There are 2 protein chains.
Amino acid sequence: MVVDRLGTTFAALADPTRRAMVKRLTRGPESVHGLTEPFALSQQMISKHIAYLVRARIVIKTKRGRESVCTLRPEAIKAVSDWAGDYRRFWEESFDKLDVVLKEMKKQEAKDGRTHN
Amino acid sequence: MVVDRLGTTFAALADPTRRAMVKRLTRGPESVHGLTEPFALSQQMISKHIAYLVRARIVIKTKRGRESVCTLRPEAIKAVSDWAGDYRRFWEESFDKLDVVLKEMKKQEAKDGRTHN
DNA sequence: TCTATCCACAACCATATGGTAGTGGATTAG
DNA sequence: CTAATCCACTACCATATGGTTGTGGATAGA
């Protein structure tokens, strides 16, 4: 896997559990234990998932007493948004074309007097 | 892997080769052969990568003669954009807070008369 | 001090994926 | 018809990851 930074970010976000963690962390920092509760997964798996998020720089982990507190780094998610934003024009054009096609089809249907089903 | 639809999309986009393919496909549909040329990868690997993109519904493949033509589906990338957009408010708030912190630091520096380096 | 809690580390297994090599079907060009 | 091109399919290997189990360190609370 020749995975670059953005690729690591995408890979980390591919797992629904990790995306749920990210969502939860938007409410504020949370301990590993706090992140374990809603997920019905072992503490070890949660730690592993967090490790992936940390490696992708989506989350920062700091020790405070016997707890490890996880904090969300917004830059990583912004990078995803920026990447997708580059394709905005493409899909907007595509949807415009699709719109044209749909209108053509409707016209055709009107001529045919029925659909192709 | 309990990967849902969006997860499959993220996983497909984790590979830089596949993201490069997506970029190329914004210029219009392309045959498998056409996608092979710029990547210095075997035809088999390109086919595999395309298969992942197809499975994630990012690309549609249609046969035309002896060629398979790949076309980009903008909806999939829009889904990524929409996902990241949900976090927009979070990171904008975060950056505002960061801004405040930075200004506080500058004030402090002015008082100290020097930086902490 | 003693115990419970929070967490990390290691070993282990199954599966998905990145990558190579070989082959053969289908279509196009000569 | 024959050869070259485009592409899919299979087998094979190495590694990363999802997941479990067991364990032990460190801290907080009694």
Side-chain angles (χ1 to χ4, degrees), chain A residues 1-22 24-25 28-72 76, chain B residues 1-22 24-25 28-72 76:
Chain A
M1 277 191 289
V2 192
V3 184
D4 49 4
R5 171 151 306 290
L6 187 56
T8 308
T9 304
F10 274 122
L13 294 174
D15 189 284
T17 300
R18 292 196 286 260
R19 285 204 306 282
M21 286 177 166
V22 167
R24 168 126 200 192
L25 288 176
E30 189 79 57
S31 68
V32 174
H33 181 67
L35 285 174
T36 305
E37 283 173 337
F39 289 117
L41 277 179
S42 66
Q43 169 259 317
Q44 289 88 336
M45 270 313 298
I46 297 293
S47 285
K48 272 198 182 182
H49 281 306
I50 292 175
Y52 293 135
L53 290 172
V54 167
R55 206 184 48 173
R57 304 204 188 192
I58 298 173
V59 162
I60 292 178
K61 215 167 56 170
T62 50
K63 295 217 66 169
R64 226 176 42 192
R66 71 178 162 180
E67 289 190 334
S68 282
V69 178
C70 300
T71 310
L72 195 57
Chain B
M1 277 194 286
V2 193
V3 184
D4 49 5
R5 172 151 305 289
L6 187 56
T8 308
T9 304
F10 274 122
L13 294 174
D15 189 282
T17 300
R18 292 195 287 258
R19 285 203 307 282
M21 285 176 167
V22 168
R24 168 125 200 192
L25 287 176
E30 189 78 58
S31 68
V32 175
H33 180 69
L35 285 175
T36 305
E37 283 172 337
F39 290 117
L41 277 178
S42 66
Q43 170 257 316
Q44 289 89 335
M45 271 313 298
I46 297 293
S47 284
K48 271 198 182 182
H49 281 306
I50 292 176
Y52 293 135
L53 290 172
V54 168
R55 206 183 46 172
R57 304 203 188 193
I58 297 172
V59 162
I60 291 177
K61 214 166 55 169
T62 50
K63 293 216 66 168
R64 225 175 43 192
R66 71 178 163 182
E67 289 191 333
S68 282
V69 179
C70 301
T71 309
L72 196 56

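From a predicted model like this one, the values you see are computed outputs, not experimental measurements. Quick note on labels: first sequence line is chain A, next is B, and so on, each numbered from 1.
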As an exercise, state the distance from [atom1] of [X] to [atom2] of [Y], rounded to the nearest 0.5 Å.
{"X": "B:R24", "Y": "B:F39", "atom1": "CZ", "atom2": "CZ", "value": "7.5 Å"}
{"X": "A:S31", "Y": "A:R66", "atom1": "OG", "atom2": "CZ", "value": "10.0 Å"}
{"X": "B:K61", "Y": "B:E67", "atom1": "NZ", "atom2": "CD", "value": "13.0 Å"}
{"X": "A:C70", "Y": "A:I50", "atom1": "SG", "atom2": "CD1", "value": "4.0 Å"}

Looking at B:Q44 and C:dG18, is any side-chain donor or acceptor paired with a base atom of the opposite kind under 3.5 Å? no
Which is true for A:R18 with a 4.0 Å heavy-atom rule: it touches a base, it touches only sugar-phosphate, or it touches nothing? sugar-phosphate
For B:K48, which contact category applies under a 4.0 Å heavy-atom criterion: base, sugar-phosphate, or nothing? base
Below 3.5 Å between N/O atoms, which protein atoms pair up with nucleotides 3-6 of chain C? Just atom names and distances, please.
from: C:dT5; atom 1: O2; to: A:R66; atom 2: NH1; distance (Å): 2.9

Between A:G65 and A:Y52, which is nearer to the 5' end of DNA chain D once each is assigned its nearest nucleotide? A:Y52
Is any side-chain heavy atom of A:D4 closer than 4.5 Å to a side-chain heavy atom of B:R19? yes
Let me check I have this right: for DNA chain D, each base becomes ., (, ), [, ] or |, based on Watson-Crick or G-U pairs with both distances under 3.5 Å. What is the full string? ||||||||||||||||||||||||||||||
Among C:dT17, D:dT17, D:dT23, which nucleotide sits nearest the side chain of B:R55? C:dT17
salt_bridge(A:K48, A:D15) N-O dist < 4.0 Å: no
